[in-house]
Amino acid sequence: PPLAPGIADRGVMVLGAQAAWDGIEAALHDVVQAGRQPARLQGDRAMNAMERVLLLADDLNPLHRSAHLDPRIRRVLDHVGASLATALDIGTLAGVAGLSRSRFSVLFAQQMQMTPQAYVEFTRLSRAAQLLTLSHWPVARIADEVGFADPYYFSTRFRLRFGQPPTDGRLAGTRQA
């Protein structure tokens, strides 16, 4: 039977690392072979092989880089995610990291490839998109929940990010860009 698109055709699935692709392919082969083992060994071997597949694939995931972040930046990311409704200015975030404002800004940009304020807005708008599709809250409440005091400013920023006003996102289901 044909494999899923991108699995058989390496040109479609750009993994960026031949060694990783070979490791994933070998681990998938091990999953199949484990299925042919006696019943008492079958489950454990298949699970071990599948875990290897997932770990190798995760190493190729561009979002995996967060595992390699400076612990001070990781602390800030966790704080932002837990405190969207509060003021998250550079001074506050630098304090969470235990760094000066200037050192924090430089380190954050190096690690995240965006400024701290761009990250805060990205996270707020992403959470707002989730709330719009998963709740029946009014737009003003969602804006407040994610840290926008002014719902009109929230709508403007939302429209710039997603290309549509928040009310349209609620009706059609917002896709994150």
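Nothing fancy with the numbering, it's 1 onward along the sequence.
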Exercise. How many angstroms lie between atom CD1 of Ile90 and atom OG1 of Thr115, to the nearest 0.5 angstrom?
Worked result: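 The OG1 atom of Thr115 is 7.0 Å from CD1 of Ile90, to the nearest 0.5 Å.
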For this session: Kindly compute the distance separating CD1 (Ile142) from OG (Ser135), expressed to the nearest 0.5 Å.
Result: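 That separation rounds to 4.0 Å.
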Exercise. Is there a chain of hydrophobic side chains (I, L, V, M, F, W, Y, each step under 4.5 Å between heavy atoms) that links Tyr153 to Phe158?
Worked result: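 Yes; tracing contacts between hydrophobic side chains, which count when under 4.5 Å, links both residues.
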Exercise. Can you hop from Phe162 to Tyr152 via hydrophobic side chains spaced under 4.5 Å?
Worked result: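 No.
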Measure across [X] and [Y] and return the closest heavy-atom pair with its distance rounded to 0.1 Å.
X      : Y      : answer
Glu145 : Ala85  : O-CB, 3.4 Å
His79  : Thr92  : NE2-CG2, 4.3 Å
Phe154 : Val139 : CE2-CG1, 3.7 Å
Ser83  : Leu88  : O-CD1, 3.5 Å
Leu77  : Met112 : CD1-SD, 4.0 Å
Phe108 : Val76  : CE1-CG1, 4.3 Å

Exercise. Between Asp70 and Arg74, is there a side-chain N and carboxylate O pair less than 4.0 Å apart?
Worked result: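 Looking at Asp70 and Arg74, the cut-off is not met.
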Exercise. Does the Thr123 side chain pair with the main chain of Tyr119, one donor and one acceptor, at a distance under 3.5 Å?
Worked result: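 Between the backbone of Tyr119 and the side chain of Thr123 there is a qualifying donor-acceptor contact (under 3.5 Å).
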